[in-house]
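Notes follow the structure.
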Amino acid sequence: MNKRFSLRTVFLASMLLFLSPAFANDIYIQQSGDSLDLDIVQDGQDNVIGTSGTNVGLTGDDMTFSITQTGNSNTIAAVIKGATYTGTWSFTGDSNDVDLLCSSTATGKCDTVTLNITTVGDDNTFDFDIGESADAENSVISFTVTGDNNISNTDIDGKSAALTVD
């Protein structure tokens, strides 16, 4: 009986070696067309929505693109090319990295952007460039941060763009 028990134990232990406690989700999107409504929800750690080499590229007018990420060490790299964009981005966790470029040279200039960002966590980095060399004059950005050591680098090119940080 001891021999049988030890064989089961060895079998179970070897099976556990091949199982991973959690797998990260990697999402890469290249989309073109007007009136996009895209919602992405990711739970866990090490999730990716685009990278600097293979980003999320959305091209078109009247887009709604919302993201909810819960977990640590998640990454977002998105490029939006269009005149009107609405987004709600929500993050809960530590050591996340977010990079949004709205209006990178071609198609549209992110003239009207409404972006609500909420984050709860520590050591997160947020880099938002809206309008670049265009006039994102009708942009309204609201950024609510709860946590320590968070970094936000926001560049909005617009004459009357509004940025609220809480």
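Since this is a predicted model, take the numbers as computed values, not measurements.
The main-chain N or O of D61 is found under 3.5 Å from a side-chain atom of D34 such that the two form a donor-acceptor pair. Under the 3.5 Å distance criterion, the side-chain polar atoms of N96 are matched with a main-chain donor or acceptor of S73. Under the 3.5 Å distance criterion, the side-chain polar atoms of N72 are left unmatched by any main-chain donor or acceptor of Q45. Under the 3.5 Å distance criterion, the side-chain polar atoms of N47 are left unmatched by any main-chain donor or acceptor of N74.
At least one side-chain heavy atom of I29 sits less than 4.5 Å from a side-chain heavy atom of I40. Between T92 and Q69, the closest side-chain pair of non-hydrogen atoms is not below 4.5 Å. Residues F128 and L115 have side chains in contact (heavy-atom distance under 4.5 Å, counting atoms from C-beta outward). A 4.5 Å side-chain heavy-atom check between I151 and F126 finds every atom pair outside the cut-off. By the 4.5 Å heavy-atom criterion applied to side chains, K81 and L58 are not counted as neighbours.
Residues A161 and I156 come closest through the heavy atom pair CB-CG2, 3.5 Å.
Every pair passing ring-ring contact (aromatic ring centres under 6.0 Å, His included) that includes a residue from residues 57-82 is listed here, sequence neighbours excluded: F65-W89. For residues 147-166, no pair satisfies ring-ring contact (aromatic ring centres under 6.0 Å, His included), with sequence neighbours left out.
Scored by the side-chain contact (heavy atoms from CB on, under 4.5 Å) test, D127 finds D99, D129, N153 as partners (sequence neighbours excluded). Every side-chain contact (heavy atoms from CB on, under 4.5 Å) that Q30 has, sequence neighbours left out, goes to N55. Take Y85 and apply the ring-ring contact (aromatic ring centres under 6.0 Å, His included) test, not counting sequence neighbours, and it matches no residue. Evaluation of the side-chain contact (heavy atoms from CB on, under 4.5 Å) rule for S32 yields T59 as partners, not counting sequence neighbours. Checked against side chain to side chain donor-acceptor pair (under 3.5 Å), S95 has no partners two or more places apart in sequence or in another chain.
Membership of the apolar cluster around V48 extends to Y28, as traced through chained side-chain contacts below 4.5 Å between ILVMFWY residues.
To the nearest 0.5 Å, atoms CD1 (I49) and CG (N25) are separated by 9.0 Å. Going from atom CD1 of I76 over to atom CD1 of I27 covers 9.0 Å, rounded to the nearest 0.5 Å. Distance check, rounded to the nearest 0.5 Å: CG of D155 to CG of L101 gives 10.0 Å. I130 contributes atom CD1, which lies 7.5 Å from atom OG1 of T154 (distance to the nearest 0.5 angstrom).
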Next on the checklist: For a side-chain contact (heavy atoms from CB on, under 4.5 Å) check, start with the C-alpha distance between M63 and T84, then their side-chain angles and the critical distance, and finish with the verdict.
Outcome noted: CA-CA 6 Å; M63 287 187 277; T84 304; over 6 Å; no
Checklist entry - Where do V56 and Q31 land on the side-chain contact (heavy atoms from CB on, under 4.5 Å) test, with the steps shown first? => result CA-CA 8 Å; V56 169; Q31 185 274 340; over 6 Å; no
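Grouping the Ile, Leu, Val, Met, Phe, Trp and Tyr side chains by contacts below 4.5 angstrom, directly or via other members, places L38 with F91. Hydrophobic clustering, with ILVMFWY side chains joined whenever heavy atoms are under 4.5 angstrom apart, keeps I117 apart from V120.
Test I67, V79, I80 against L100 for side-chain contact (heavy atoms from CB on, under 4.5 Å) and you get one pass: I80.
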Show me, pair by pair, the donor-acceptor contacts under 3.5 angstrom made by side chains of residues 141-150, not counting sequence neighbours?
residue : atom : partner : partner atom : Å
N150    : OD1  : N124    : N            : 2.9
N150    : OD1  : N124    : ND2          : 3.0
N150    : ND2  : G121    : O            : 2.9

